[in-house]
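Only one structure is covered here, and it is reproduced in the block below.
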Amino acid sequence: MSTTDYQVTVLGLGAMGLPMATRLATQLTVHGFDIAEERLKLANDAGVRTFASGRDATHGADALLLAVRNGEQLTEVLFGENGVAAALKPGAVVILTSTVGTEAIAGTVARLAEFGVALVDAPLSGGPKRAGEGDLLIVVGAEPSAVEAARPVLELLASTLSIVGDKPGDGQALKTVNQLLCGVHIAAAAEAMALADALGLDQQKTLAALEAGAAGSFMLSNRGPRILEAYSEDGAEVLSRLDIFVKDMGIVGKATRGAGLATPVAAAAEQLYLLGQAQGLAAADDSAVIRVVAPTKRSA
């Protein structure tokens, strides 16, 4: 099959779904669906053929790309009242790009098998800009034949494609480890920048100095500028909602308790995100966690 004959459906054309669909449409036939009319228009303008329902968009697809919030939403999209699993042809693959934890995977695999469809567990990291450039990190757990069936999609989206295991769930496991680090690093960056402000330092100069030294990290460089915007009237641009880390650190906590592993640093970070959500910051960018550490900016 040539790539021009390969059909991939993207359900959900939001902050990540639309740039992924746009990237895929440069070489593949892409169908899409979203409940928001404005997102459908943007997708059409980008070369994505849109439909009035998820089932219509999914019919006949070689691959279905899903970015859902949690395991419950995964089940609803695939097998609910308007579930799309039945619209997939035998031999198709569902590419799950979300962080939902390992618990939802086994049941999903079993139910998809009834339709002759395989699950490619492929959580990703990188954000909307990198999604549109094909510069994502994607970690994959799937049977080799399913990986090959999904490869046209995976290779267009990923600059780093890591096959971490041969069964669905392996990708979720690695992404859980990844999110432990990311959640802790963002919280630590917020605490560091709050301390710089409390000590009377120029935060911009502090951030530049930290990035150049041993304390530097991807999350410090990526979230640092947005952390410094958190106190502005509109806050930082929302590129990753704070409540995503409420969910993800919850997944981390459940996994570590199940493994009998003590992770006090991750647990402390989770509490910061929970406090932020309780204080009305759920829909704010996750960089707003600095407002939990330091509700007001001293140098303002």
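Being a predicted model, the structure only gives us computed values, none of them experimental.
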Would you say L161 and R151 make side-chain contact, with heavy atoms under 4.5 Å? yes
Return the minimal non-hydrogen interatomic distance between Y231 and P295, and the atom names on each side.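 Closest approach of Y231 to P295: CE2-O, 3.7 Å.
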Flag the pair [X] and [Y] as a salt bridge only when some basic side-chain nitrogen lies within less than 4.0 angstrom of an acidic carboxylate oxygen.
X: R223; Y: D286; answer: yes
X: E133; Y: K129; answer: yes
X: K247; Y: D243; answer: no
X: D135; Y: R130; answer: yes

[atom2] on [Y] to [atom1] on [X], rounded to 0.5 Å:
X: D285; Y: I244; atom1: CG; atom2: CD1; result: 11.0 Å
X: L174; Y: N178; atom1: CG; atom2: CG; result: 7.0 Å
X: T50; Y: L40; atom1: OG1; atom2: CG; result: 5.0 Å
X: L66; Y: L119; atom1: CG; atom2: CG; result: 9.0 Å
X: T263; Y: M249; atom1: OG1; atom2: CE; result: 7.5 Å

Side-chain heavy atoms under 4.5 angstrom apart, residues restricted to Ile, Leu, Val, Met, Phe, Trp, Tyr: same cluster for [X] and [Y]?
X: V68; Y: M16; value: no
X: L13; Y: M20; value: yes
X: M219; Y: V139; value: no
X: V292; Y: V265; value: yes
X: L124; Y: I186; value: no

Less than 3.5 Å apart, any donor N or O on the side chain of D62 or Q7 sitting next to an acceptor on the other? no
For residues 206-216, please give each side-chain donor-acceptor pair under 3.5 Å, one per line with the distance, not counting sequence neighbours.
unit_1	atom_1	unit_2	atom_2	d
T206	OG1	D202	O	2.8
E211	OE2	S221	OG	2.7

Atom [atom1] of [X]: over 12 foreign heavy atoms under 6.0 Å:
X: I35; atom1: CD1; result: no
X: E143; atom1: CD; result: no
X: E148; atom1: CD; result: yes

Determine, using ring centers only, whether F51 and F33 are less than 6.0 Å apart.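 Centroid distance F33-F51: not below 6.0 Å, so no.
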